[in-house]
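Below, chains carry the letters A, B, ... as their sequence lines are ordered, and counting in each starts from 1. Both backbone and side-chain heavy atoms feed into the values below; hydrogens, waters and symmetry mates do not.
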Amino acid sequence: MDLDSIGDWVRTHYSSHLSSELDGEAVTLFGWVQDVRDLGGIRFVILQDREGTIQITIPKKRVAPAVLAKTDALQKRFSVGVKGNVKKTNMTPRGIEIIPTAFKVFNEASEQLPIDITGKTPANIEVRLDARPLDLTQPSSLATFKIQHIALDAIRSFLFAKDFIEIHSPRIIASATEGGAELFCVDYFGQKAYLAQSPQLYKEELMLSFEKVFEVGPFFRAEESHTRRHLSEFTSIDIEQAFSNADDVMNLLEKVIHHACVVVKEKCVVELSNLDYTIEVPTLPFKRLTYTKVLDDLKTQGITIPWGEDIHTEAYRVLGDIYPFFYFITDWPTSTKAFYIKPRDDNPEVCEGFDLMWRYIELVSGGTRISDKNQLIHRLVEKNLNPDSFKCHLQAYDYGMPPHAGWAIGLERLTMILTGKKNIREVTLYPRDRVRLTP
RNA sequence: GCCCAGGUAGUAUAGUUCGGUCUAGUAUAUGCGGCUGUCGCCCGCAGGACCCGGGUCCGAAUCCCGGCCUGGGCGCCA
């Protein structure tokens, strides 16, 4: 088939912007063939663009022969352009259709697509991910990532309005900084380096200068996790705020989450309906449960966890049934949290770290940070970390480190909550996990 | 790393219990033909599959062993 060039054609509308008010107007549309229904004397082409679909109606005896000829060989996913007139009609669900006056085919597509893009025969997740570029053209995939985009936009705007400065910390770092999670190794001009697991230390150092910072970006964990809520590469929304404690940043956090829910629910009506999902906007404030209270609750459900131990997955699932929405867990044993989380002044066994949970999923973790150098070194030693390898970081504590606190939201997990998707890979464009490195 | 389940056309599945009418069924997709208001269009025709290797048996999609791959759970995980 002869392919067309775009020439001087310029898009006038996305499919979703067409309405019966445009009846009779000439429009230029670009997109892809989603489906062709040929009834003999009349042909219907469903044109899809990123915003939705619109029907192109071709009554064979009444359109220009050139248009008819162009549409004779159309197949799914052909990239096309249409010039035509909007026509009001009661014969389509949208109440409008396009009668074409000119038609261009920019590119063809395989006859047999690896997944069914009309959604009649949904494919399994691994098949979808193998054909991810095509899978992402499906309306439900588009809706998922539109929701993620709107949520992130809402959060960014909220933080900007609160005077946070957006920063970019290094992804390539020199040492296994924090203990805990395994890091990926990279060869840095012959030197051993690592991919960052979080911006934690850098954003704390910036408390000396910028006071309120946030960062949105990818981080890496070389864990062997094999679950629906872990990735090797994930996106973190991190904030850090000077002259504050855990309570201050928890108050901010619940407003951020609430705002994201409200905005997505308001702006993504079509997308949520496409996903057949309803967002329940949470009421403020969120429940605040202490670690000790959680242990008591679990005991009534027959799960006994000795004080001081971490809460395991089975227990979280039970807890998620008791508290089915957002809730904080505070006052964790100091031993369960990272070295930089501040122990309480009145009881050092307990720290000012917190988690924000959604059902059984840990969505956010944060806390008041240690700002005293000696205490920080003391905690490093308690965690079996070598203070010498933190020399660069520790210098920041010689220049007037203010009291500060912060948190980190897992963007993919938040997107799961906002879309109802049960597998984190569905809400990640090109997920990286224990076994998947492509596409 | 441990445990469980599974691998059948492009996709999604039935069949595996208890080996034999399985020459492997269905839907959708694809190709060809037909149809002037479809919208999961419809109708007809066609092509298309038992993960790999070994074993048991007269006979294996089905049972056994090994491998590979996938999904799920646990653990790990600021």
Side-chain angles (χ1 to χ4, degrees), chain A residues 34-46 53-63 73 75-77 87 89-95 97 99 109-131 134-135 138 177-183 196-201 203-204 219-232 234 236 238 240 310-317 332 336-341 351 353-356 360 362-367 369 383 405-410 413 422-423 425 433-436:
Chain A
Q34 189 191 53
D35 206 3
V36 181
R37 287 188 284 275
D38 192 325
L39 276 63
I42 190 167
R43 177 180 290 152
F44 303 101
V45 176
I46 308 304
T53 60
I54 183 70
Q55 175 170 294
I56 316 296
T57 302
I58 302 150
K60 292 187 186 172
K61 287 179 181 164
R62 279 183 283 148
V63 295
Q75 290 176 348
K76 290 184 173 69
R77 289 307 303 170
K87 187 183 162 197
T89 172
N90 55 12
M91 286 183 285
T92 68
R94 293 267 315 264
E97 61 190 357
I99 310 297
S110 303
E111 277 176 3
Q112 183 74 73
L113 301 172
I115 56 175
D116 172 13
I117 56 164
T118 65
K120 284 179 230 175
T121 310
N124 292 327
I125 185 72
E126 82 274 16
V127 175
R128 291 178 49 201
L129 291 175
D130 284 341
L134 181 63
D135 177 59
Q138 299 201 85
T177 46
E178 298 175 40
E182 293 292 319
L183 303 189
Q197 61 166 303
S198 93
Q200 184 60 36
L201 305 186
K203 63 179 186 170
E204 288 197 64
F219 291 99
F220 307 89
R221 307 270 166 95
E223 298 295 338
E224 303 265 351
S225 299
H226 187 67
T227 77
R228 288 183 295 174
R229 58 189 185 282
H230 288 89
L231 291 170
S232 306
F234 68 101
S236 181
D238 263 88
E240 201 69 28
D310 226 326
I311 298 170
H312 49 76
T313 305
E314 183 202 359
Y316 274 130
R317 288 186 186 271
W332 287 80
T336 63
K337 289 290 181 188
F339 70 88
Y340 48 79
I341 297 289
C351 70
F354 63 86
D355 287 347
L356 177 63
Y360 73 96
E362 183 189 329
L363 176 65
V364 183
S365 85
R369 322 303 191 183
K383 283 281 184 183
W407 41 251
I409 304 175
R413 290 183 178 181
K422 300 286 193 290
N423 190 326
R425 293 166 220 180
D433 61 33
R434 175 71 187 84
V435 293
R436 181 175 287 277

Pairing residues for A/Trp332 by the ring-ring contact (aromatic ring centres under 6.0 Å, His included) criterion, not counting sequence neighbours: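 Partners of A/Trp332 under the ring-ring contact (aromatic ring centres under 6.0 Å, His included) test: A/Tyr291.
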Say whether, by atom type as modelled, one donor and one acceptor occur between the side chain of A/Arg369 and the main chain of A/Gly406 under 3.5 angstrom.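 Judged by distance alone, yes, a pair lies under 3.5 Å.
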To the nearest 0.5 angstrom, please state how far the SG atom of A/Cys351 sits from the OH atom of A/Tyr340.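 Separation between the atoms: 11.0 Å.
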Rounded distance (nearest 0.5 Å) linking atom CD of A/Gln197 with atom CD of A/Glu223: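 Atom-to-atom, A/Gln197:CD and A/Glu223:CD are 8.5 Å apart.
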Expected rows: protein N/O vs nucleotides 42-45 of chain B N/O, under 3.5 Å:
none

Among the nucleotides [options], which one has an atom lying closest to any side-chain atom of [X]?
X	options	result
A/Glu223	B/C74, B/A78, B/C76	B/C76
A/Val435	B/G10, B/U70, B/C76	B/U70
A/Ser198	B/G73, B/A12, B/A78	B/A78

Distance check, [atom1] atoms only: [N] and [M], in whole angstrom units.
N	M	atom1	result
B/C68	B/U30	P	37 Å
B/A14	B/G6	P	12 Å
B/G33	B/U26	P	24 Å
B/C50	B/C63	C1'	16 Å
B/G54	B/G59	P	16 Å
B/C74	B/G25	P	40 Å
B/A12	B/G71	C1'	15 Å
B/G15	B/G20	C1'	14 Å

Can you pull the salt bridge (Lys or Arg N to Asp or Glu O under 4.0 Å) pairs that have at least one residue in residues 121-131 of chain A, sequence neighbours excluded?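 For residues 121-131 of chain A, and leaving out neighbouring residues, the salt bridge (Lys or Arg N to Asp or Glu O under 4.0 Å) pairs sorted by first residue read A/Arg128-A/Asp135, A/Arg128-A/Glu426, A/Asp130-A/Arg436.
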Could you give me the CA-CA distance, side-chain angles and deciding distance for A/Asp355 and A/Lys337, then say whether salt bridge (charged side-chain N to carboxylate O under 4.0 Å, His left out) is met? CA-CA 10 Å; A/Asp355 287 347; A/Lys337 289 290 181 188; 2.9 Å; yes
Indicate whether OP1 or OP2 belonging to [N] is found under 4.0 Å from a side-chain N or O atom of [X].
X	N	value
A/Arg434	B/G72	no
A/Arg221	B/A78	no
A/Arg37	B/U38	no
A/Arg425	B/G72	yes
A/Asn423	B/G72	yes

Could one point to a donor on the side chain of [X] or the base of [N] with an acceptor on the other under 3.5 Å away?
X	N	value
A/Gln75	B/U30	no
A/Ser225	B/C77	no
A/His226	B/G72	yes

Would you list the atom pairs, donor with acceptor, under 3.5 Å between side chains in residues 118-125 of chain A and any protein atom, with sequence neighbours excluded?
unit_1	atom_1	unit_2	atom_2	d
A/Thr118	OG1	A/Asp116	OD1	2.7
A/Thr118	OG1	A/Asp116	OD2	3.4

If we call it a pair only when both distances are under 3.5 Å in a Watson-Crick or G-U wobble match, what pairs with [N]?
N	answer
B/C58	B/G20
B/G66	B/C52
B/C32	B/G44

Go through the structure and list residues passing side-chain contact (heavy atoms from CB on, under 4.5 Å) with [X], not counting sequence neighbours.
X	answer
A/Ala408	A/Ser236, A/Asp238
A/Glu111	A/Gln75
A/Ala131	A/Pro114
A/Ala73	A/Met1

Gap between atoms [atom1] and [atom2], on [X] and [N] respectively (whole Å):
X	N	atom1	atom2	value
A/Glu126	B/C51	CD	P	15 Å
A/Glu362	B/G75	CD	P	13 Å
A/Arg43	B/C41	CZ	P	16 Å

Give me the distances for all protein-to-nucleotides 26-29 of chain B N/O pairs that come in under 3.5 Å?
unit_1	atom_1	unit_2	atom_2	d
B/U28	O2'	A/Thr121	OG1	3.2
B/A29	OP1	A/Lys120	NZ	2.5
B/A29	O2'	A/Gln112	NE2	2.7
B/A29	N3	A/Gln112	OE1	3.3

